[in-house]
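Numbers for residues simply follow the sequence, beginning at 1.
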Amino acid sequence: SGAVVKEISDERSDPRGPYAITWLGDDAAGSLVPPGIYLVRIDVDVDFGSATTTSVHRLVQVAY
């Protein structure tokens, strides 16, 4: 429906290397979301001019 389900924010003191954030399939209230396909938007803060793309979109499929 296009509604925001949950926002996850995480900052690292050392941004180098691999990075992963885990979403447990819950909404902002902590309840499990209904099965379905969800769109994830990942935004990364970068130094001005160092990257052309700082946002990506991915699909996540939730099934129980």
Side-chain angles (χ1 to χ4, degrees):
S1 68
V4 174
V5 175
K6 183 173 186 174
E7 290 186 25
I8 301 173
S9 178
D10 196 7
E11 294 184 21
R12 294 174 57 171
S13 58
D14 184 2
R16 296 174 292 178
Y19 195 61
I21 294 176
T22 302
W23 174 52
L24 301 175
D26 58 337
D27 62 15
S31 301
L32 289 177
V33 298
I37 299 174
Y38 293 82
L39 178 66
V40 176
R41 186 181 77 201
I42 303 168
D43 295 317
V44 179
D45 289 333
V46 297
D47 293 334
F48 179 76
S50 65
T52 56
T53 303
T54 60
S55 180
V56 296
H57 295 86
R58 297 289 185 263
L59 294 178
V60 174
Q61 300 171 355
V62 175
Y64 301 109

Return all side-chain donor-acceptor pairs below 3.5 angstrom for residues 57-64, not counting sequence neighbours, or 'none' if the list is empty.
{"unit_1": "Y64", "atom_1": "OH", "unit_2": "V33", "atom_2": "O", "d": "2.9"}

Original post:
How far does CD of E7 sit from CG of D43, to the nearest 0.5 angstrom?
Top reply: 9.5 Å
Original post:
With hydrophobic residues grouped by side-chain heavy-atom distances under 4.5 Å, do I8 and V4 end up in a single group?
Top reply: no
Subject >> Minimum heavy-atom distance K6-A28, with the two atoms named >> reply: CB-N, 4.1 Å
Subject >> Sequence-distant partners of D10, side chain to side chain donor-acceptor pair (under 3.5 Å), two or more places apart >> reply: Y19
